[in-house]
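Reviewing the structure listed below.
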2 protein chains.
Amino acid sequence: MATMKDVAEAAGISIGTVDRIIHNRGRYSEETAELVRKSMKELNYTPNIHARGLKQTKKHIFSVVLPHREQDGGYWRLVEEGILKAADELISFGNDIRIFPFDRYSSSSCIDALSGALSTDTEGMLIAPCRPDDMRALLEHTNIPYIFIDTNIPDLKRRTAYIGQDSRQSGILAGKLMSLLIARNASTGQDQYVLVVDPPGSNFHLNNRIEGFRYYMDAVMPEIGLMTLKAEADDELHFHRRLKEFQTKNHLLPIGIFAANSSVYYIASFLEKEGDECSSIPLIGYDIIPGRESAVERGTIDFILTQQPEIQGYRGIIMLYDHIVLKKEVNKEVIMPLNIITRENIHTFTGYVNG
Amino acid sequence: MATMKDVAEAAGISIGTVDRIIHNRGRYSEETAELVRKSMKELNYTPNIHARGLKQTKKHIFSVVLPHREQDGGYWRLVEEGILKAADELISFGNDIRIFPFDRYSSSSCIDALSGALSTDTEGMLIAPCRPDDMRALLEHTNIPYIFIDTNIPDLKRRTAYIGQDSRQSGILAGKLMSLLIARNASTGQDQYVLVVDPPGSNFHLNNRIEGFRYYMDAVMPEIGLMTLKAEADDELHFHRRLKEFQTKNHLLPIGIFAANSSVYYIASFLEKEGDECSSIPLIGYDIIPGRESAVERGTIDFILTQQPEIQGYRGIIMLYDHIVLKKEVNKEVIMPLNIITRENIHTFTGYVNG
DNA sequence: ATTTTTTGCGTTATCGATAACGCAATATTA
DNA sequence: TAATATTGCGTTATCGATAACGCAAAAAAT
């Protein structure tokens with residue numbers, strides 16, 4: 001509860017000098033600085049956040065660089081929602097948060113978005129570097145601090161922080177849940193297999209999830225085969241068509257289906273259309289998509305895994321603000337908890353927790 | 001970004017009057033009030049939280065009334081940890097949070113704690129009313145605002161909020177997970193049963209959890225019997241003794257064990273002592289107890305359900321502060337998300353999320 | 001009719017950090 | 001040596017909300 005005035009008095013120096021020392025704002029001697037730092041320690045001085053916030057009328061500008069909301073099955077929409085929620089809170093303090101969306105399948109779009117963000121008077125950036133190679137060069141030559149969200153580029157050590165998920169582990173978890181779901185039916189017949197649905201596009205996390213799932217299934221249920229269905233378009237009808245094709249080609253139904261992202265909802269609607277025999281097939285996927293929870297509530301989808309992308313987005317912005325404006329220490333790496341959602345607990349997850 | 005001065009000017013009135021109207025601090029006419037309210041709406045005025053915080057040098061005092069940390073298998077320690085974390089943040093703003101612990105098995109201790117809290121100059125209370133009948137009378141006659149945590153007293157409508165858990169639903173979820181775990185072994189023999197461990201003491205949530213579990217198991221696996229073991233002391237050795245007794249009396253091992261609280265860790269240590277045949281029995285319980293995660297990591301405990309009591313405590317205090325000091329609107333009812341923890345995701349839950 | 005109380009409103013010091021401004025004293029350059 | 005630049009430090013207005021203080025005018029009580 002010591003004020004700057006207290007520190008100044010204890011050091012036998014003026015407030016102005018103390019302030020200059022704290023903020024390293026030139027024009028002071030190292031001697032007095034030492035003295036002041038000692039007094040600060042002794043009095044356990046912490047700046048009053050309110051006084052600071054009040055004085056700082058300066059409007060802070062932050063930029064967000066992430067894929068279009070519709071991409072990856074609406075995943076980015078969820079992230080963006082959390083970002084907007086945090087932005088809302090910060091805007092009311094006179095700050096500005098600018099979003100630079102890009103097409104995650106286009107190199108030029110990605111580069112444009114990032115250079116757009118860089119060319120403004122941004123003080124910090126929240127970046128989803130899902131095209132690391134397009135972004136690396138630009139990020140190596142900037143002094144603007146940035147936080148990575150969702151994907152990390154480990155070799156860019158100048159990042160302030162990374163907030164994301166352990167996607168391989170989530171695949172392993174999906175494998176475990178699948179093994180429980182199919183335990184009852186397994187080994188009652190020959191040629192049993194689990195269908196792995198690989199969503200369109202290539203994506204670090206998707207690959208990791210699938211790899212983790214495979215790893216677990218091969219280790220625990222080696223007798224169950226895994227078949228992969230690669231989708232080419234992020235579109236409900238496309239999924240239905242591909243599934244139908246698959247069904248006619250393979251007359252034997254899978255004993256379980258794993259979808260590596262929110263396309264699980266497309267699969268659910270297909271299975272429900274096909275009748276009870278299909279909709280009772282164990283089905284695991286990712287992310288709670290607002291408005292589509294009913295497939296979980298009905299039990300067509302058995303488990304949904306999520307790392308709450310909204311909260312990821314929300315916390316990303318708050319971390320940026322904490323770091324740059326409040327000058328707080330922030331965690332270098334935040335891994336989101338891996339939640340298991342099922343019909344019995346989904347209602348406790350809709351709507352925000354925290355924030 | 002409108003200030004109070006802007007509002008005053010727009011309404012053709014002084015700042016002092018605007019302030020009086022906002023805070024309902026007597027001495028103004030309803031006419032001008034109407035005018036001011038209109039200007040506030042028009043200018044979309046939001047008070048500057050920093051200016052407010054800066055001016056408010058007044059030290060706020062809050063009280064917390066909850067059971068001793070050791071009770072209910074260490075559950076309250078977790079709640080208290082979250083409370084202390086929030087308190088820490090608030091104390092640095094010059095506030096004071098006082099904890100009044102009580103013995104949840106003693107009526108007089110409970111009454112003493114609550115009247116202790118009430119007799120101070122507390123501005124708000126966070127209360128765990130796990131002895132509703134002892135607390136009701138006192139709470140009906142106070143004007144100090146309070147928030148209930150963990151347990152609710154629905155008929156006390158004057159509460160500011162309730163933050164807690166849906167315990168019956170968590171029992172149902174436990175039932176679902178149990179049914180998956182035992183699916184493989186079920187119906188291979190006669191007289192199969194699941195053991196339900198009822199921890200010492202009578203507790204609203206414990207009863208609900210067990211009731212929910214029973215409900216699910218009876219509905220989905222009626223052929224599996226449920227046997228109950230009632231423990232009398234919250235003590236690891238006591239549990240081991242009772243389990244040993246049970247084992248000698250019933251030569252047939254259970255095909256699954258459900259413990260309605262964190263005593264699941266006592267059961268895990270017993271099963272591990274008894275060898276592989278025992279430690280592979282499906283086991284479900286509650287709460288992550290710091291330092292005892294290894295039983296989950298080894299897989300002796302298959303699933304842990306938790307509603308993150310630390311976060312409950314943390315949020316309870318923050319809600320109190322938001323309501324009383326910042327005069328924010330707070331949710332009347334906050335139900336914590338129901339998390340499923342298993343060896344594949346426990347590492348993402350240790351340590352705080354949010355805060 | 002006079003005194004007292006109440007009501008309505010304006011003015012202003014204050015909270016703590018910040019950064020602009022100003023003034024010496026010292027150092028550097030011409 | 002004189003002119004200029006740099007360094008070190010003190011003083012003070014400012015951010016916006018708050019609440020104490022003061023002063024009239026109106027209302028109530030005597």
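First the proteins, then the strands, lettered A, B, ... as listed; each starts at 1. The structure presented is a predicted model; accordingly, all values stated were derived computationally and were not measured.
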(request) Under 4.0 Å between any heavy atoms, over every strand shown, what does A:Asp19 touch: base, sugar-phosphate, or nothing? Just pick one. (result) base

(message) Does a side-chain N or O of B:Arg25 approach OP1 or OP2 of D:dA19 to a distance below 4.0 Å, or not?
(response) yes

(request) Calculate the interatomic distance between B:Met40 atom CE and D:dA17 atom P; express it in whole Å. (result) 11 Å

(message) Taking the minimum atom-to-atom distance to the side chain of A:Thr3, which one of D:dA17, D:dC15, C:dA17 wins?
(response) C:dA17

(request) Provide, to the nearest angstrom, the distance between the CG atom belonging to A:Leu54 and the P atom belonging to D:dT14. (result) 13 Å

(request) Kindly indicate, with the supporting measurements, whether the criterion side-chain contact (heavy atoms from CB on, under 4.5 Å) is fulfilled by A:Leu156 and A:Tyr146. (result) CA-CA 10 Å; A:Leu156 288 181; A:Tyr146 52 83; 3.8 Å; yes

(request) Hey, can you tell me if A:His50 and B:His50 have their rings parallel, tilted or perpendicular (30° and 60° cut-offs)? (result) tilted

(request) Provide, to the nearest angstrom, the distance between the OH atom belonging to A:Tyr45 and the C1' atom belonging to C:dG16. (result) 8 Å

(request) Quickly work out the A:Met4 CE to D:dT14 C1' distance and round it to whole Å. (result) 14 Å

(message) For B:Asp322, is there an ion pair with B:Arg315 - N to carboxylate O distance below 4.0 angstrom?
(response) no

(message) Is it the case that the side chains of B:Glu80 and B:Tyr75 hold a donor-acceptor pair, with the cut-off being a distance below 3.5 Å and no angle test?
(response) no

(request) Apply the test side-chain contact (heavy atoms from CB on, under 4.5 Å) to residues B:Thr120 and B:Ser63: give CA-CA distance (whole Å), side-chain angles for both, the deciding distance (0.1 Å), then the verdict. (result) CA-CA 9 Å; B:Thr120 62; B:Ser63 298; 4.0 Å; yes

(request) Look at all strands and tell whether A:His50 reaches a base, only sugar-phosphate, or nothing, counting heavy atoms closer than 4.0 Å. (result) nothing

(message) Can you tell whether the side chains of A:Glu42 and A:Arg37 come within less than 4.0 Å, N to carboxylate O?
(response) no

(request) Send over the distance from B:Ile49 CD1 to D:dT18 P, rounded to a whole Å. (result) 10 Å

(message) Less than 6.0 angstrom separating the ring centers of B:Phe102 and B:Phe100, yes or no?
(response) no

(message) Using whole Å, what does the distance between atom C1' of nucleotide C:dA19 and atom CD1 of A:Ile22 come to?
(response) 13 Å

(request) Assign a letter to each nucleotide of nucleotides 6-13 of chain C from its 5' end: B, base within under 4.0 Å of a protein heavy atom; S, sugar-phosphate only; -, no contact. (result) -BBBBB--

(request) Report the distance from atom CD of A:Glu34 to atom C1' of D:dG8, rounded to the nearest whole Å. (result) 17 Å

